[in-house]
J.: 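Before I ask anything, here is the structure I am working with.
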Amino acid sequence: MKKTILQIAKYYYPVEGGIETVTKYMAEGLTSYENIVVCFSQDGITRMDTINGIHVYRIAPSIKVSSQDIAFSYYSYLKKIIYETLPDIILLHCPNPFLYPITAKLTPKSAKLVLLWHSDILGKGLLYHLINRFEKIILKKADLILATSPNYIHPSSPIYKYIDKTKVVPNGIIKKDFLWSSGDEATVEEIRQKYNHKKIVFFVGRHAAYKGINYLIEAEKFIQSDCVILIGGRGPETEKLKAMTHSSRIKFIDRIPNEYLRCYYYASDIFAFTSCTKQEAFGIALAEAMFCGSVPVTFHIEGSGVNWVSIKDKTGIEVELGDVKAYAEAIDKLLSDHDIYYKYAIAGKERIAKMFTCEHSNIEAEKILNEFFIH
């Protein structure tokens with residue numbers, strides 16, 4: 001009889017996002033376990049639905065505080081779900097601070113508590129001071145902690161204290177979504193033609209401060225190569241970033257539909273991954289771009305998995321954090337030295353295909369969980 005994993009996440013498919021993608025491929029991919037998901041709903045309705053055979057309980061939030069959903073009824077709903085499903089493992093996707101005290105309280109002695117630690121909470125203000133107590137409780141109570149990279153098990157992270165019960169399960173891309181498909185050649189050519197077949201430096205992601213897009217805009221004036229810089233996505237920083245842009249070769253192209261994203265990766269020459277804090281714990285978009293052959297330029301971020309996904313001088317170029325001149329020089333070097341460019345492109349694609357797919361991630365997670373239960 002299969003053991004049951006109850007995954008507790010912030011949201012679930014069809015909501016899009018890095019943690020949501022990981023939750024979905026784990027729920028569907030850990031096939032030797034029965035998977036159930038609990039998350040917040042986004043339509044104000046508490047309900048249970050079934051998606052690709054996975055039972056998903058969605059709890060309507062009552063309020064939102066600093067982007068954190070809070071449901072006054074969450075405790076009672078989760079208690080009922082645990083009683084009915086009798087999970088062997090409760091897997092909590094972190095950060096999700098509202099659920100730390102609730103999950104710690106409700107995890108029965110018969111179940112193992114596993115934390116999938118996507119990232120630390122970086123804000124150290126009053127709100128984090130209030131959360132910190134509950135974070136310590138959930139970390140101490142956890143039977144197993146899964147980090148998304150060895151880099152993140154770092155003295156700057158609260159999980160470092162629990163290194164003896166921490167294992168690594170890397171995030172992965174959904175490979176089939178980024179394989180070259182029928183019709184892509186025409187779409188890629190259309191993108192290149194739109195920008196007069198100039199070299200393309202591409203960024204895509206949420207326009208938030210930790211993504212460091214301002215560094216790309218500042219670096220543009222030092223880039224000597226004839227190229228165009230495409231900035232995809234939107235977010236709270238979009239208008240501010242547009243206001244600081246004074247070059248005609250920087251183009252804001254808004255959100256890119258999922259079905260076209262791989263074509264932008266394939267059309268681009270350089271993937272400008274400018275994230276600048278540990279809030280970027282891994283870099284799914286970085287892995288996606290590398291799989292499609294776009295060579296990355298990254299910053300060094302101490303304690304982040306970014307510099308584990310792309311290896312300095314093997315799959316891309318890494319420069320000191322915030323050094324916009326060095327960032328521009330790295331772009332120029334890649335666009336002018338074809339031998340190095342293709343060497344990095346091939347090595348990057350091979351690295352992602354070997355280590356950072358959802359299939360590989362699920363194999364690693366299943367192996368760790370199985371060994372965990374044996375011992």
Side-chain angles (χ1 to χ4, degrees), residues 6-12 15-24 26-27 37-40 42 59 61 63-71 74-75 78 89-107 113-149 151-163 165-171 205-206 208-211 235-236 275-284 301-306 361 365:
L6 180 66
Q7 293 197 49
I8 301 175
K10 190 172 182 180
Y11 305 117
Y12 192 73
V15 179
E16 295 176 355
I19 294 177
E20 290 72 31
T21 298
V22 172
T23 307
K24 182 176 184 289
M26 287 187 75
V37 175
V38 182
C39 63
F40 289 105
Q42 287 201 309
I59 300 172
I63 58 172
K64 188 184 286 277
V65 177
S66 295
S67 78
Q68 170 69 63
D69 285 319
I70 294 174
Y74 203 104
Y75 183 94
L78 185 59
I89 299 172
I90 292 179
L91 193 158
L92 176 61
H93 292 265
C94 305
N96 205 336
F98 168 67
L99 298 182
Y100 291 168
I102 294 174
T103 306
K105 179 74 173 176
L106 289 179
T107 299
L113 177 59
V114 179
L115 308 181
L116 181 43
W117 202 263
H118 294 272
S119 71
D120 299 339
I121 299 170
L122 294 185
K124 302 300 181 184
L126 176 61
L127 191 59
Y128 181 74
H129 181 73
L130 297 172
I131 291 166
N132 183 246
R133 174 170 165 260
F134 299 116
E135 183 179 75
K136 288 178 179 177
I137 290 170
I138 200 75
L139 283 166
K140 186 176 181 180
K141 186 176 178 66
D143 297 289
L144 176 67
I145 300 166
L146 302 176
T148 58
S149 76
N151 293 25
Y152 220 79
I153 311 171
H154 186 272
S156 63
S157 174
I159 67 174
Y160 188 74
K161 184 178 177 181
Y162 303 95
I163 194 170
K165 60 179 180 182
T166 301
K167 303 288 185 182
V168 174
V169 174
N171 287 337
R206 186 167 181 264
Y210 77 92
K211 291 291 187 180
S275 292
C276 54
T277 78
K278 269 189 66 185
Q279 195 169 344
E280 189 69 80
F282 184 84
I284 284 289
I301 310 169
E302 191 67 25
S304 168
V306 165
S361 180

J.: Kindly give the heavy-atom pair with the smallest separation between Ala27 and Val37, and that separation in Å.
T.: CB-CG2, 4.1 Å
J.: Write down the atom of Val306, the atom of Glu280, and the distance for their closest heavy-atom approach.
T.: CG2-CG, 3.7 Å
J.: Within the structure provided, determine whether Arg206 and Pro236 are in side-chain contact (heavy-atom separation under 4.5 Å).
T.: yes
J.: Output all residues satisfying ring pair (Phe, Tyr, Trp, His ring centres under 6.0 Å) with His118, sequence neighbours left out; order by chain, then residue number.
T.: His93
J.: To check you understand the geometry: which heavy-atom pair defines the closest contact between Ile301 and Ser275, and what is its length?
T.: CD1-O, 3.2 Å
J.: Thr166 and Ala147: which non-hydrogen atoms are nearest, and at how many Å?
T.: CG2-CB, 4.1 Å
J.: For the atom pair CG (Leu106) and CG (Leu6), what is the distance rounded to the nearest 0.5 Å?
T.: 10.5 Å
J.: Indicate whether the side chain of Gln68 and that of Asn96 have a donor and an acceptor atom separated by less than 3.5 Å.
T.: yes
J.: Any chance you could measure Gln7, atom CD, to Ile90, atom CD1, to the nearest 0.5 Å?
T.: 12.0 Å
J.: Do Ile159 and Leu115 touch side chain to side chain, with heavy atoms closer than 4.5 Å?
T.: no
J.: Return the set of residues passing side chain to side chain donor-acceptor pair (under 3.5 Å) with Lys141 (not counting sequence neighbours), or none when no residue passes.
T.: none
J.: Considering the options Ser157, Ser119, Ser304, Ser156, which one meets the side chain to side chain donor-acceptor pair (under 3.5 Å) requirement together with Lys278?
T.: Ser156
J.: Got a donor-acceptor contact below 3.5 angstrom from the Tyr100 side chain to the Asn132 backbone?
T.: no
J.: What is the ring orientation for Tyr74 with Phe98, classed by angle as parallel under 30°, tilted 30 to 60°, or perpendicular over 60°?
T.: perpendicular
J.: For the backbone of Pro170 and the side chain of Ser361, can you confirm whether one donor and one acceptor N or O come within less than 3.5 Å of each other?
T.: yes
J.: Please check if the number of heavy atoms outside Lys64 that lie under 6.0 Å from its NZ is greater than 12.
T.: yes
J.: Checking the side chain of Lys165 only, and the main-chain atoms of Ala142 only, is there a donor and an acceptor separated by less than 3.5 Å?
T.: yes
J.: With a 4.5 Å limit on heavy-atom distance, are the side chains of Ile153 and Ile145 in contact?
T.: no
J.: Look up atom CG in Leu146 and atom CG in Leu116, then write down how far apart they are to the nearest 0.5 Å.
T.: 5.5 Å
J.: With a cut-off of 6.0 Å (strictly less than), are more than 12 heavy atoms of other residues, nucleotides or ligands near OH of Tyr75?
T.: yes
J.: Using side chain to side chain donor-acceptor pair (under 3.5 Å) as the criterion, list what pairs up with Glu20, not counting sequence neighbours.
T.: none
J.: At what distance, to the nearest 0.5 angstrom, does CD1 of Ile284 lie from CG of Asn171?
T.: 4.5 Å
J.: Look at the side chain of Asp143 and the backbone N and O of Val114, then say whether any donor-acceptor pair between them is shorter than 3.5 Å.
T.: no
J.: What's the separation between atom OG1 in Thr107 and atom CD1 in Ile89, rounded to the nearest 0.5 Å?
T.: 12.0 Å
J.: Quick one: OH on Tyr162 to CG on Leu139, what's the gap to the nearest 0.5 Å?
T.: 5.5 Å
J.: Heavy atoms only: give me the nearest Ala281-Ser149 pair and the separation to one decimal.
T.: O-OG, 4.4 Å
J.: Could you pull out the closest heavy-atom pair between Tyr152 and Gly303, with the gap in Å?
T.: CD1-O, 3.1 Å
